[in-house]
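Chain A is the first sequence line, chain B the second, and so forth, proteins listed ahead of strands; every chain is numbered from 1. Scope of the values below: all heavy atoms of this structure, side chains included, with no hydrogens, waters or symmetry mates.
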2 protein chains.
Amino acid sequence: MTAHQGENPLSLDNQLCFAIYAASRAVTGLYRELLADMELTYPQYLVMLVLWEHATMPVKDLGAALRLDSGTLSPLLRRMEERGLLRRSRSAEDERVVLVALTEEGAALRERALDIPARVLRGTGIPADKAEELRGLLDRIAEYAGGSGTYAAR
Amino acid sequence: MTAHQGENPLSLDNQLCFAIYAASRAVTGLYRELLADMELTYPQYLVMLVLWEHATMPVKDLGAALRLDSGTLSPLLRRMEERGLLRRSRSAEDERVVLVALTEEGAALRERALDIPARVLRGTGIPADKAEELRGLLDRIAEYAGGSGTYAAR
DNA sequence: CTCAAACCAGTTGTGCACAATCAAATTGTG
DNA sequence: CACAATTTGATTGTGCACAACTGGTTTGAG
């Protein structure tokens, strides 16, 4: 498989980007199973990862950490608030800022998530040493492409 | 950056999967710019890649190639048909099968897409030799995780 | 031949992503 | 102080993804 399509620059099998796209969806599918009993989606789980490290933070910082804008985060956070995982409140010092704060229920969920990274890594079939190298390359792509990406063409 | 967070298994920065997820969105953003003047989205471009190699094929095979189901492909193909890039028709031999066929307009678009892979690869900042290795690892993840993923837990 | 099982595409409903736009709050400058 | 520019989050609209379901078609066991 993935035969060398030779000259064709538009062959699907030759495209690094399709591999990233397909792998991303496959990994999200893995998480879907592992997160099902916590009733979290993968993006919601990412929000929890950040909040488990910083119990309270502005929406803006959350967006910077996950590289998501308010159009994505606002409804996502609303659903998580309705589920009781977090609360949102306007900052007293700056009324423009909305602070996202973990509830006790949200904080308690951390324990049930502790083994997820290891289980997912097994699910990918990637040895730990390769994973490190792979992550480095992908971070580089996200930084490079993301930098001149969404905001770009200046 | 991406400091070694040490022990914390739930640190965002340590997660290979977030790197895949973020890189995927960053790359999609790159394509968004390059495909804008063709008025194609990235998934639509992927459909075109397949059709440029096989001018006519069943929806099922298209889904197998891109790992997308009919819930995604049906409305996507409908929009592309409305735009005149392709036509859909029931197979004569098997009325269950819908054949997707490139129109002349769709085939003609290929020329304008020829330089896109090279431009995207530059946009990722990944040298060509690393790209090959990266693609191999990602294919493995997609196969491994996708295999026991969407359909899985048998 | 019959009819139950499998197959294929489409539809519905939910949840991201992201561009574009908006309103409210804050900041900086004169 | 006045007020234009900036910041912040929300809202609207479009387009994926995917689970669950539907309806028409084909296949195959008996």
Q: List the steps and the verdict of side-chain contact (heavy atoms from CB on, under 4.5 Å) for M38(B) and I116(B).
A: CA-CA 11 Å; M38(B) 288 194 251; I116(B) 287 188; 3.2 Å; yes
Q: Nearest-nucleotide wise, let me know which of R67(B) and L99(A) is further upstream toward the 5' end of DNA chain D.
A: L99(A)
Q | First encountered from the 5' end of DNA chain D, between P75(A) and D69(B) | A | P75(A)
Q) What are the residues of residues 78-93 of chain A, sorted by number, that bring a heavy atom to within less than 4.0 Å of DNA chain C? A) R79(A), E93(A)
Q) Which residues in residues 35-46 of chain B have at least one heavy atom lying under 4.0 Å from any atom of DNA chain C? A) none
What's the [atom1]-[atom2] distance between [X] and [N], to the nearest Å?
| X | N | atom1 | atom2 | result |
| --- | --- | --- | --- | --- |
| L68(A) | dT8(D) | CG | P | 17 Å |
| E95(B) | dG23(D) | CD | P | 19 Å |
| E33(A) | dA17(D) | CD | P | 19 Å |
| Y21(A) | dC16(D) | OH | P | 9 Å |
| L77(A) | dT8(D) | CG | P | 16 Å |
| L73(B) | dA19(D) | CG | P | 14 Å |
| D94(B) | dG28(D) | CG | P | 12 Å |
| F18(A) | dA17(D) | CZ | P | 11 Å |

Side chain of [X], heavy atoms from C-beta onward: which of [options] has the nearest atom to it?
| X | options | answer |
| --- | --- | --- |
| R96(B) | dT8(D), dT27(D), dC16(D) | dT27(D) |
| S70(B) | dA17(C), dT11(C), dG9(D) | dT11(C) |
| V59(B) | dC18(C), dA9(C), dG9(D) | dA9(C) |
| S74(A) | dA9(C), dT26(D), dT11(D) | dT11(D) |
| K60(B) | dA9(C), dA17(D), dA25(C) | dA9(C) |

Please check this pair: side chain of [X] against backbone of [Y], looking for a donor-acceptor N/O pair closer than 3.5 Å.
| X | Y | result |
| --- | --- | --- |
| S24(A) | I20(A) | no |
| R112(A) | D37(A) | yes |
| W52(A) | S11(B) | no |
| T103(A) | L85(A) | yes |

Q. Which part of the nucleic acid, if any, lies within reach of L76(A) when heavy atoms closer than 4.0 Å are counted: base, sugar-phosphate only, or nothing?
A.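 The residue L76(A) makes sugar-phosphate contact but no base contact.
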Q | side-chain hydrogen bond (donor to acceptor under 3.5 Å, both in side chains): pairs with one or both residues in residues 121-133 of chain A, sequence neighbours excluded | A |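 For residues 121-133 of chain A: E132(A)-R135(A).
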(Q) Can you list everything that forms a side-chain hydrogen bond (donor to acceptor under 3.5 Å, both in side chains) with E104(A)? Sequence neighbours excluded, please. (A) none
Q) Under the side-chain hydrogen bond (donor to acceptor under 3.5 Å, both in side chains) test, which residues partner R96(A), sequence neighbours left out? A)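 R96(A): side-chain hydrogen bond (donor to acceptor under 3.5 Å, both in side chains) contacts with D94(A).
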Q: Report the C-alpha distance between L68(A) and R25(B) in whole Å, list the side-chain angles of each, state the deciding distance to 0.1 Å, and finish with yes or no for side-chain contact (heavy atoms from CB on, under 4.5 Å).
A: CA-CA 10 Å; L68(A) 292 171; R25(B) 285 189 293 123; 3.1 Å; yes
Q) Can you name the residues that form a ring-ring contact (aromatic ring centres under 6.0 Å, His included) with Y42(B), not counting sequence neighbours? A)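 With neighbours one apart ignored, the set is Y21(A), Y31(B).
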